[in-house]
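In what follows, every chain begins at residue 1, and chains take the letters A, B, ... in the order their sequences are listed. These figures come from a predicted structure and were not determined experimentally. FYI, side chains are in, hydrogens and waters are out, and symmetry mates aren't considered; it's all heavy atoms of this structure.
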Protein chains: 2
Amino acid sequence: MDPHLLRTYVTVARVASFSEAARELGYTQSAVSQHIAALEQDLGAPLLTRRPVAPTAAGERLLEHAAPLLLRLDAARADVVRMVGAPEHGLTLAATPTALGSRTLAALPAAGVTLRVLAREEIPAAVARGGAELGLVDGLTAPNDPLRHPDVAPLTTYGVGEEPVCVLLPETHPLARRDGLRLADLVDARWLDAPDAGLPLAHLRRANGSGGFCPALRYEGTDVRTLAALAAAGHGLTLLPRAAATGVPGAVAVPLVAPRLVHRTELVHSGSPRGAAAALVDKLLERA
Amino acid sequence: MDPHLLRTYVTVARVASFSEAARELGYTQSAVSQHIAALEQDLGAPLLTRRPVAPTAAGERLLEHAAPLLLRLDAARADVVRMVGAPEHGLTLAATPTALGSRTLAALPAAGVTLRVLAREEIPAAVARGGAELGLVDGLTAPNDPLRHPDVAPLTTYGVGEEPVCVLLPETHPLARRDGLRLADLVDARWLDAPDAGLPLAHLRRANGSGGFCPALRYEGTDVRTLAALAAAGHGLTLLPRAAATGVPGAVAVPLVAPRLVHRTELVHSGSPRGAAAALVDKLLERA
DNA sequence: AGCCCCCCATCAGTGTTGCTTATCGAAGGT
DNA sequence: ACCTTCGATAAGCAACACTGATGGGGGGCT
């Protein structure tokens, strides 16, 4: 179970080709073939069908393990190297679009910041790997409940703020005049599924304890304005933190009153931040 | 960052000796020395001080990563091998002592079961490694909230039951006549700290949102009767699920009424259980 | 059908790696 | 001051991992 073997295995599984994987990894096709054979012999079972190349049942299982494993490996090396190497000057911050409130933006230092907008699940990974010193993740929870992050590595998280959640509806929507909405009444509505820009429907399903919330349109970008425009145009409802939901032309933001959910954003970093990262952490926390 | 190097590194750090680690791993002292040197060169920093052998700051950091990493590696191999190998006949169940309610015990098949009582945090690891097919973990949460497990591997968990929580007090205790107790009133009481037998104080601190709950006596065994006897003898309070707290001679069990916490037990397994394990899972879930 | 091409498996060869044995310098105990 | 113990280093050897070449089997195109 050498990590190298695992790495070639996942690439082979991804590109569904030995030769292509070899090219990608800079090996010969022969080496890749031997890697897979070694893994299969080690585990005592075929992992891939050949022609077409596709994971077997055991292979699927291994895939589930391999990705987080390799991620953790990268995270470990990055974490140790980071605390050894010189504190770089630039500061990279990975965040979801909805996690970037005005307070956060105001706290950023004037220069030398790289802001990287990523999908929600990629942020802990990016911070762990060292692609970003700090991460801002948001999500839906009960007040004061921490978010659930994929546990990719030993990361530290702090809550940096909670905000009410609103449903964004077109002005013409029959419910647009309400003062507050109950989630249970919206189970059968048409929803936008925008896991990277808005708040994921999966959080809603979990909060509501049941299924429903079938998506009418799926938006795969990370641009909140587009998402809001989609909602205003009547393509479906979406949830946004209040600040992001107000002032959208053609749409109104109605607070969600039941269940009691908040839009919570958390700061995540690995180990002990240094330099500009540490300063930003302090700045964000002192007012939290 | 070969796992072999990592493994020798953690053993060296554990036993604080190159030579001793070499003996334990079946290497020569020279090999161990080279392993550590390779790691240090790879990461670009010393990981251990020599004479005495102790981890440096970077080494400490690496240690935090290494243990879960190696665990996941074992878990991956065990998981794949498990679904390939023949379904063994015996069934091994790992559980905390307080997770074993009468309902669970009644559901066990008549023969061929190995029951392994472990500390709370070891159970997910044991299930992941394949040391047990199934695990039963318990803990304190808000009603219907899932427990938080250390995320050692992709494991599946189901709730199998929730039960009221009681404070176990000596009969002579001034609060023993109460119908219910509030946690906030007990912050400054003397508590037993029995992380493996009872319910960990850390859960309490988290639920109560603050510190306090300083332990008067620490009990490191896994025997609930002893723990109850300690409480009855006045060495400190402890929390137990109602079933385990009732009928203790010399002690009374008073329900905890605020905050609303329940003793929740969850069934954890990895992948798809087969044979006797699958039967037990069904049996436990159908009545949940 | 026949042909060709692409893909994966296998084999032999080779450079590198990883472990062992042997030896040295340094620190601590007696 | 001696001896023991511990970790670092050097040299040698065996196993390993990768390369390049070759072979067999399918699918697609004509």
Side-chain angles (χ1 to χ4, degrees), chain A residues 1-60 62-63 66 69-70 73 76-77 80 84, chain B residues 1-60 62-63 66 69-70 73 76-77 80 84:
Chain A
M1 294 271 298
D2 189 322
H4 293 199
L5 303 190
L6 241 42
R7 196 166 60 102
T8 77
Y9 173 68
V10 300
T11 44
V12 169
R14 178 165 51 79
V15 302
S17 157
F18 283 50
S19 323
E20 180 56 31
R23 247 159 285 157
E24 186 167 320
L25 296 170
Y27 287 135
T28 46
Q29 173 265 322
S30 170
V32 171
S33 192
Q34 291 175 45
H35 279 188
I36 303 297
L39 259 184
E40 292 184 328
Q41 186 157 25
D42 180 21
L43 296 174
L47 297 170
L48 293 167
T49 64
R50 323 295 152 99
R51 237 178 291 273
V53 174
T56 64
E60 290 281 6
L62 183 59
L63 273 182
L69 209 78
L70 294 174
L73 213 59
R77 104 165 295 104
V80 176
V84 167
Chain B
M1 294 268 299
D2 189 321
H4 293 212
L5 303 190
L6 241 43
R7 196 166 59 103
T8 75
Y9 173 67
V10 300
T11 45
V12 169
R14 178 165 49 80
V15 302
S17 156
F18 284 50
S19 323
E20 179 56 31
R23 248 160 283 155
E24 187 168 317
L25 296 170
Y27 287 135
T28 45
Q29 173 265 323
S30 170
V32 170
S33 192
Q34 292 174 44
H35 280 187
I36 303 298
L39 259 184
E40 291 183 329
Q41 185 157 21
D42 180 22
L43 296 175
L47 297 170
L48 293 168
T49 65
R50 324 295 152 98
R51 241 180 285 272
V53 174
T56 63
E60 291 279 6
L62 182 60
L63 272 181
L69 228 143
L70 295 173
L73 213 61
R77 107 166 293 105
V80 177
V84 166

Only one of A/Leu62, A/Leu63, A/Val10 clears side chain to side chain contact (heavy atoms under 4.5 Å, CB included) with A/Pro55; which? A/Leu63
Specify the closest pair of heavy atoms between B/Pro46 and B/Ala58, including all atoms of both residues, with the distance to one decimal. O-CB, 4.3 Å
Taking atom P of D/dC16 as reference, at what distance in whole Å does atom CD of A/Gln41 sit? 12 Å
Test A/Asp42 against B/Arg77 for salt bridge (Lys or Arg N to Asp or Glu O under 4.0 Å), laying out the working first. CA-CA 9 Å; A/Asp42 180 21; B/Arg77 107 166 293 105; 2.6 Å; yes
When rounded to the nearest 0.5 angstrom, what distance separates OH in B/Tyr9 from CG in B/Leu70? 12.0 Å
Distance check needed: C/dC7 C1' versus A/Leu48 CG, whole Å only. 14 Å
Set of side chain to side chain donor-acceptor pair (under 3.5 Å) partners for B/Ser30, sequence neighbours left out: B/Gln34
Point-to-point distance, once rounded to the nearest 0.5 Å, from CD of A/Gln29 to OG of A/Ser17: 9.0 Å
Rounded interatomic separation in angstrom, taking CD from B/Glu20 and P from D/dC6: 9 Å
Pairs involving residues 26-40 of chain A, ordered by first then second residue, that meet salt bridge (Lys or Arg N to Asp or Glu O under 4.0 Å) (sequence neighbours left out): A/Glu40-A/Arg50
Could you tell me whether the side chain of A/Thr49 and the main chain of A/Pro52 form a donor-acceptor pair under 3.5 Å? yes
Closest to the A/Tyr27 side chain, choosing from D/dC18, D/dC6, C/dT20: D/dC18
Considering only heavy atoms, which members of residues 29-36 of chain A lie under 4.0 Å from some atom of DNA chain D? A/Ser30, A/Ala31, A/Gln34, A/His35
Note: contacts of residues 10-18 of chain B with DNA chain D (heavy atom, under 4.0 Å) are B/Ser17, B/Phe18
What ring-ring contact (aromatic ring centres under 6.0 Å, His included) pairs are there with at least one residue in residues 19-42 of chain A, not counting sequence neighbours? A/Tyr27-A/His35
Applying side chain to side chain contact (heavy atoms under 4.5 Å, CB included) to B/Leu39 and B/Leu6, what does each step give before you reach the verdict? CA-CA 8 Å; B/Leu39 259 184; B/Leu6 241 43; 4.2 Å; yes
From CG of A/Asp42 across to C1' of D/dC16 the rounded distance in Å is 15 Å
Using whole Å, what does the distance between atom P of nucleotide C/dG18 and atom CG of B/Leu25 come to? 16 Å
Look up atom CG in B/Leu5 and atom CD1 in B/Ile36, then write down how far apart they are to the nearest 0.5 Å. 8.0 Å
Compare side-chain N and O positions of B/Ser19 against OP1 and OP2 of D/dG7 and report whether any pair is under 4.0 Å apart. yes
Heteroatom pairs (N/O) under 3.5 angstrom, protein to nucleotides 25-30 of chain C:
none

Nearest-Å distance, NE2 (B/His4) to P (C/dT17)? 17 Å
Atom CD of B/Glu40 to atom P of D/dT9: distance rounded to whole Å? 11 Å
